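Following: one structure in structure tokens, then a few remarks.
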Amino acid sequence: MFWLYLTEFALAVILGAWQFAWPTWLRLFEQPPDLAVILLVVVGLTRGPLEGCWTGLVTALAVGSVGGTPLGGLFVSHMGAGTVLGLLGGRIFPDYIPIAMLVAAAAALLMNIVELLFLPPASLAPWLTATVSQAVMSGLVAAPFVALLRPVMYYFSPAGQRRA
Amino acid sequence: MRLDATTRKTLKPLLLMAAVAMIFTIWQHAAWARDRISLPEYICQTLGGPVMSAGAKINEVVRDTGRSVFLAGSLAAENRRLRQQRDELITDNILLTEYFRQNKAIEDKLGFEPDQPVKDVPARVVGRTSASGEQRCRIHIQIPENREVHKGDIVRQAAGLVGRVIEARGRLALALLIIDPEHGLGARVQRSRAEGVIKPARQWNEGWPDRLSMQYLRHHADIRIGDVIITSGQDGIYPAAIPVGVVEAVDVSAEQAQTVVATVRPFVDFQRLEYVWVVPQP
């Protein structure tokens with residue numbers, strides 16, 4: 001269990017930092033994908049609410065620290081999303097990548113709305129454009145990341161439950 | 001209401017994590033109030049720095065490789081043109097070296113103080129913040145080993161002003177760009193010396209703004225399209241005479257009869273920032 005939690009922390013730091021270094025020519029309306037959300041989707045759907053919440057905690061810490069943003073709203077949105085995705089784990093088939101892509105896009109959208117309550121933007125129109133762009137990018141980019149991260153999560157499952 | 005054993009087993013760690021999150025949030029706010037960063041933030045930034053640096057290097061390699069493949073034909077022509085320019089520059093350089101020596105000899109005769117050695121620090125842009133919630137325009141920069149930058153140092157390119165360092169730790173620093181909504185700087189029109197304040201333009205380009213607005217210009221201020229805007233040095237943050245941008249439009253509306261507002265196109269292309277200079281504060 002310790003190694004799983006440590007792996008999730010390492011992945012959170014790597015993906016949280018990487019999204020800030022995401023190439024400008026691969027952004028949609030200047031918005032990179034939310035790689036932390038993709039990690040949350042993979043962990044939540046494959047592991048459960050506890051691991052989802054832990055991943056939410058560490059991804060929020062990584063994204064907030066590297067981006068220099070207040071942590072309060074990030075913790076609420078990320079930990080909430082991780083827990084909800086964990087609870088949905090048994091109901092949504094995690095091996096079907098298009099479903100994971102849709103869930104990632106929806107989660108990115110909802111998390112931005114939650115963060116909006118904590119840190120209202122100066123004007124709504126650019127926020128809306130940025131949020132929708134980020135959700136679309138997160139959904140698109142989710143495919144390869146889910147394919148790569150899912151086996152890592154299954155590696156830590158008990159032998160009988162491994163599917164990859 | 002009694003909770004079953006399984007729910008209790010799940011709920012306990014969830015509450016513990018919520019408490020940890022709350023502690024981290026309070027810790028961050030307490031550290032920020034003292035103009036510092038908290039330990040968890042420091043650890044994450046230290047671990048995330050090499051990732052951003054590696055990401056920036058990979059981006060550069062991929063972009064250059066892609067460009068080479070797609071623009072092979074035009075690159076050959078550009079290479080020929082650049083070779084020709086290089087030859088011309090070598091000739092110019094020889095002339096300039098000669099002028100420099102002559103100038104030095106004259107300075108020595110006149111008893112001029114020798115120039116201070118250049119202290120500017122080159123830095124690579126390894127990340128950029130574009131949080132959708134607050135639209136902060138900041139960049140993460142990495143400086144070479146054995147060099148250091150400090151909070152308040154000025155960030156610029158050869159073309160013009162980029163921003164200033166707001167956080168420095170080790171080889172990584174966070175810089176606030178002049179297009180950040182909360183940024184403002186004292187500026188003047190190079191030709192007429194009319195003074196005003198430069199802020200990001202309100203019309204956001206669906207993401208990062210690419211235009212600045214020169215405000216608080218006096219009525220009848222002498223400012224025209226094509227005028228070059230430079231820092232005035234009056235704000236106590238930036239030294240004078242750093243190029244900022246060029247005037248694109250001048251608005252003297254009836255509502256703002258007492259003031260003139262000019263739209264300024266920055267000299268720096270903020271969408272393509274790769275390398276910058278960090279200039280120590282005087």
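All chains are named by letter (A, B, ...) in the order of the sequence lines, taking the proteins before the strands, and each is independently numbered beginning at 1. In this text the structure is predicted, and so the values were computed from the model without any measurement.
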Subject >> Atom group of L61(A) that falls short of 4.5 Å from chain B, counting heavy atoms >> reply: both

Subject >> Options A18(B), A21(B), G48(B), G127(B), ranked by heavy-atom pairs under 4.5 Å with chain A, top entry >> reply: A21(B)

Original post:
Could you walk me through whether M17(B) and L50(A) pass the side chain to side chain contact (heavy atoms under 4.5 Å, CB included) check?
Top reply: CA-CA 9 Å; M17(B) 282 189 263; L50(A) 214 56; 4.3 Å; yes

Original post:
Closest approach of A21(A) and N59(B), non-hydrogen atoms and distance?
Top reply: O-ND2, 2.6 Å

Subject >> Between CG on residue L71(A) and CD1 on residue I23(B), distance to nearest 0.5 Å >> reply: 13.0 Å

**OP:** To the nearest 0.5 angstrom, please state how far the CZ atom of F75(A) sits from the CD atom of Q28(B).
**Re:** 8.0 Å

**OP:** Walk me through it: do W54(A) and V20(B) pass the test side chain to side chain contact (heavy atoms under 4.5 Å, CB included)?
**Re:** CA-CA 10 Å; W54(A) 163 254; V20(B) 170; over 6 Å; no

Original post:
Got a donor-acceptor contact below 3.5 angstrom from the H140(B) side chain to the V66(A) backbone?
Top reply: yes

**OP:** Report yes or no: does R128(B) contribute a side-chain atom to a donor-acceptor pair with the main-chain N or O of T24(A) at less than 3.5 Å?
**Re:** no

Subject >> chain B contact via T83(A) - side chain, backbone, both or neither, heavy atoms under 4.5 Å >> reply: side chain

Original post:
Mind checking whether F9(A) and L47(B) have side chains closer than 4.5 Å, heavy atoms only?
Top reply: yes

Original post:
If you check every heavy atom in residues 31-44 of chain B against those of chain A, which residues fall under 4.5 Å?
Top reply: W32(B), P40(B), E41(B), C44(B)

**OP:** Identify which part of W22(A) has an atom lying under 4.5 Å from any heavy atom of chain B, answering side chain, backbone, both or neither.
**Re:** backbone

Subject >> Proximal component of W18(A), with respect to chain B [non-hydrogen, under 4.5 Å] >> reply: both

